[in-house]
Amino acid sequence: MFGWLHKLHSDDEKAYEQVVNAETPEHKAKLSHELIAAAAAYEAAKKYEEHCAENGKPDSHAKAEEIIAAFSAAFVDRMVETKGLDELDKEKAKRDAAKRAHEQSNDILDEQYKKEAAM
């Protein structure tokens, strides 16, 4: 594994646990799009590491970002379906999740791909 999960904010892991373990519909109001975005960024990092372990690292930084964004969006979709959020919250959560995942992974991916290019 590439080991960058440890570099994410611990708040993201807490958000992930809170979102995944929320019951429906009683706790729906507590699941803000910001909270879901943080959880999605964490999930995307986990899934990306699993993907790399199984398939190897993507050929380019851009492809890696696409994969991370896809994992993030898939998490949001799954939470919307299982937690009963409306479309507005879904779109806000997807946008915020993609931005957050991109920001958190960008520095780490830059570092990984720059090292390879230097070799």
Side-chain angles (χ1 to χ4, degrees):
M1 289 225 214
F2 294 96
W4 59 285
L5 263 177
H6 70 281
K7 295 183 181 183
L8 292 179
H9 302 287
S10 63
D11 290 343
D12 290 347
E13 185 175 9
K14 289 176 189 172
Y16 174 81
E17 294 297 328
Q18 186 176 349
V19 169
V20 171
N21 295 322
E23 296 176 20
T24 58
E26 299 83 26
H27 296 101
K28 181 173 123 177
K30 295 181 183 179
L31 298 179
S32 69
H33 69 272
E34 294 92 352
L35 182 66
I36 294 171
Y42 181 80
E43 171 79 352
K46 285 185 0 179
K47 293 293 185 185
Y48 178 75
E49 284 199 350
E50 291 171 10
H51 173 82
C52 290
E54 293 172 11
N55 304 298
K57 193 169 69 166
D59 294 336
S60 69
H61 180 128
K63 185 64 176 174
E65 284 186 355
E66 286 178 29
I67 292 168
I68 291 167
F71 287 137
S72 178
F75 178 82
V76 172
D77 284 340
R78 189 172 75 240
M79 291 301 103
V80 167
E81 290 173 9
T82 61
K83 306 299 180 189
L85 299 174
D86 65 27
E87 284 300 310
L88 180 60
D89 287 334
K90 175 182 174 181
E91 293 310 312
K92 286 180 183 177
K94 276 189 172 183
R95 183 188 65 240
D96 290 352
K99 180 180 177 192
R100 189 173 188 129
H102 171 77
E103 289 171 352
Q104 291 181 346
S105 64
N106 203 29
D107 291 339
I108 296 161
L109 292 174
D110 277 347
E111 184 181 312
Q112 288 176 353
Y113 284 95
K114 283 180 184 177
K115 282 181 185 177
E116 276 189 9
M119 292 182 165

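Positions are given from 1 along the sequence. Quick note: numbers below take in every heavy atom, side chains included, and nothing from hydrogens, waters or symmetry partners.
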Test salt bridge (charged side-chain N to carboxylate O under 4.0 Å, His left out) on Lys47 and Glu50 and set out the steps. CA-CA 5 Å; Lys47 293 293 185 185; Glu50 291 171 10; 3.8 Å; yes
If I take atom CD1 from residue Ile68 and atom NE2 from residue His51, how far apart are they, to the nearest 0.5 angstrom? 10.0 Å
side-chain hydrogen bond (donor to acceptor under 3.5 Å, both in side chains) partners for Glu66, two or more places apart: none
At their closest point, which heavy atom of Ala44 faces which heavy atom of Phe71, and how far apart are they? CA-CB, 3.8 Å
Sequence neighbours excluded, which residues qualify as side chain to side chain contact (heavy atoms under 4.5 Å, CB included) partners of Ala97? Ala37, Ala40, Ser72, Val76
Would you say that Tyr48 contacts Lys57 through its side chain, given a criterion of any heavy-atom pair below 4.5 Å between the two side chains? yes
Taking only residues two or more places apart in sequence or in another chain, which ones pass side-chain hydrogen bond (donor to acceptor under 3.5 Å, both in side chains) with Lys94? Asp77
